[in-house]
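Accompanying notes for the structure given below.
Sequence lines set the chain letters: A, B, ... in the order given, protein chains first and strands last, and positions in each chain run from 1.
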Amino acid sequence: MAIALELVALTKRYGSQRAVDSLNLQIPEGMLYALLGPNGAGKTTTLRMVAGLLAPDSGEARILGRSITREPAAAKQTLAYLPDEPLLYSKLLPMEHLEFVCGLWGVPASEAEPRARELLKQLGLWEVRGQLIETFSRGMKQKLALAAAFVHRPRVIILDEPLTGLDAAAARLVKDMLGEHVARGNTVILTTHIMEVAERLAQRIGIINRGRLVAEGTLEQLRLRSGEADGTLESVFLELVDRQDR
Amino acid sequence: MKTGTLRWLLGCELRLWWREITARPAAKTIFAVLGLSVAALLVWLWFVFAEVRGGLSVEGAIPEPALWIAVVLWLFGFFYAFYQAIEQSIVALFDRGDLDLLVSSPISTKVIFASRLLGVAVEVFLSFCVVVVPAGALAVLAGVPRLLGVFPALMGMVLAAASLAMLVTLGLVRLLGARRARTAAQVFSALLAAVFFVASQLPNWLAGSGPGDGVVWERWLALFAEGGPLGAQSWLWTPARAVFADPVAMLLTLGSGGALGWLATETLYRAFVAGTQQSVTESPKRRRSGEPRWHGDFGRAVLLKEWRLLLRNPYLLSQTFLQGVFLIPGLVVLLQNAGGPLGGTGTLAATAATVVGSSLVYTLTRIGVSGEEAPDLLRSCPTERTKLVRLKLLAALIPVWVLLLPLFGILLVRGEPWLVPLGVFLAATVAAATLRLWNSRPIALAEIFKSRAAGGGDPMLGIVEFVSLLGWGGVSFLAARDNWAAALLTLGALGLLMAAGYWRSRQLGSSLGF
């Protein structure tokens, strides 16, 4: 199986503090991977380096074998990144925003337009397609950002806290969409503070603390590692992070 | 102090205002520059009042020249106060974000509104005090204590201006709804500034060299002559007489300001609360067609996105194009005063197009590049950054070219030189866009016309931009007057300036968000 994301000694410092410290990780294609960690653990910094938004101080991130620093265009072509606070164009309509995103990724109009319609309908935004984005609620904006991430059919989607601001029905819908995307052989990498989401959806889980990978594997492997054979992901997570802090 | 009272609430308002001011980047530098400007202004005032100072030191009638000076200063002051008060009302009504908390508290809504109104008035008053307090001290030192009347006159003026500003802002909320009222109030305040600026230039134009200009000027002056409807004795100038501590005028000015404030509170506080709630809950009524024609192509997608964002933001649009209103009268006066034959309309059109066009391109580039709303999206896409930047610059250049190129068409039809001025115009606009790009720092779109310090970029590059704007205007002017040697020399200097700008931008590195 091909490797969707490979991190090789990825490092980022802010002043004297190492936000990400020689991180090594391999995520095979066709799975949903959850990256967990306490606040300030380095999750967002890692994802921003993977998406090419931040330059690493050293090390490398490869998406489907393409280095994000050496071959950024090729690497980004297969990638979508959804930040925790999605920034959208306030004065555009949802379809116009998706049109712009498709333009950036070079998706032909014949393919992009029906896809954009389908996504807006699927995410319940079709009824508000005549409204400017600035009038949207937090949840609606999050849904539109998700549509923008899916619209160019990326093989790897990176989502930073994708369920923030979504109601229960919308969260369920998004989880289903992520599941379907993975079922088609694509890769989803997400961070979340909701352990239940990671526990139910992720095939593999990585736990990061103080910029270092504390543990990585399936839920069963993590249970064994933490010594909590019947523990929930929450208790496993807390035990592993606490052990490193000690 | 007892909590929940008008005084207490007003104190909180002013504390917030002061913190906002002192938290600005380079606040100390701004205060130093302000101090120096005030000192220069006082020196100027000293000389302005030199002739009439003797007449002012004794009790009795106000000398007419002094009254006219006070009238002009009062009119300037009132317009400025009204403009400021509109801006502050927008902040008080829409931006502060604490009204939900206040309205849900047991404090009466009338007290909340009154504190906002007085807050606006006091803030404007204090901003005037920067000039008025030293001027008052100077008046006492110079032996003209009656000029201390400026304080009650100012109080009356700011109360009236704040009440009217609240009335206008809330009237717009009622007419247009909260969401559009905010934009309308911003556009209104910008228009107000433009109207005042153009009005201030009227004497220059009326007294100009045109065949009928002198007659118009004479008629205009007759209105203000003794016995004329707007003569020195007119009741209209009561606030100006208050400046000289005329007791009746002071009483009337203060009384009418206070009465307006009271009336505004009594009549507007309910509308204020309703407007506040509307600004939170209102959903837009106007819907657009949600199925635009899909273009798909990368270049067109970027250009369309940039233009849509601009066209749907009347505030940005009005602020951008009002620059023309500010620049053109200044240019006319400058060229009128340059003396000698100026080469006629052709020179004026070419020079104005170059300077105004460059200035518009500068602002549009700032909006498109510095005000980019989704930098993460652009950075994470596979498109080359240079290609994106080029399209953003084109998005700023094309509207200005479309707007101003017809001027050169007119020159062509009139048989005046057009090719070289056109070349200079195109080069100047491209240079303006490039320099702005080199000096761009990310800034929120809503802040783009508020705080130059936050998104203004490097001061040295700022100077380069300003000198370049003037330089290109100079090249256009000199070329239109067939002064080729000087034009080429200026062009050479501009080349060096661009090189210096490039060097500086390389030194600083890019800090664009995308």
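When each of A51(A), G52(A), A112(A) is checked for heavy-atom pairs under 4.5 Å with chain B, A112(A) comes out on top. With chain A as the partner, the residue from E384(B), K387(B), E373(B) showing the most heavy-atom pairs under 4.5 Å is E373(B). When L309(B), L311(B), T383(B) are compared by the number of non-hydrogen pairs under 4.5 Å with chain A, L309(B) comes out ahead.
In this structure, no portion of S110(A) lies under 4.5 Å from any heavy atom of chain B. Only the side chain of E372(B) comes within less than 4.5 Å of a heavy atom in chain A; its backbone stays farther off. Both the backbone and the side chain of L92(A) come within contact range of chain B, with heavy atoms under 4.5 Å apart. When heavy atoms are compared at a cutoff of 4.5 Å, A116(A) approaches chain B solely by way of its side chain, counted from C-beta outward. For L120(A), no part lies near chain B; criterion is any non-hydrogen pair under 4.5 Å. Contacts between H97(A) and chain B at a heavy-atom distance below 4.5 Å involve the side chain alone, from C-beta outward.
The two atoms that bring A301(B) and F100(A) nearest to each other are O-CD1, 3.7 Å, heavy atoms only. Across all non-hydrogen atoms, the minimal contact from Q77(A) to P382(B) is OE1-CG, 3.2 Å. Scanning both residues, S380(B) and Y81(A), for their nearest heavy atoms gives CB-CB, 4.4 Å.
At a threshold of 4.5 Å between non-hydrogen side-chain atoms, the residues L93(A) and R308(B) do not count as touching. Between L310(B) and K91(A), the closest side-chain pair of non-hydrogen atoms is not below 4.5 Å. Side-chain contact between L87(A) and P375(B) is present, with heavy atoms from C-beta onward closer than 4.5 Å.
The main-chain N or O of V101(A) is never found under 3.5 Å from a side-chain atom of K305(B) such that the two would form a donor-acceptor pair.
E134(A) and R312(B) are not joined by a salt bridge, as no carboxylate oxygen comes within less than 4.0 angstrom of a charged side-chain nitrogen.
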field: Stepwise side chain to side chain contact (heavy atoms under 4.5 Å, CB included) check, R48(A) with D376(B)
entry: CA-CA 9 Å; R48(A) 287 179 72 81; D376(B) 280 1; 2.9 Å; yes
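Heavy atoms of other residues, nucleotides or ligands lying less than 6.0 angstrom from CZ of F136(A) number more than 12. More than 12 heavy atoms of other residues, nucleotides or ligands sit less than 6.0 Å from atom CZ of R504(B).
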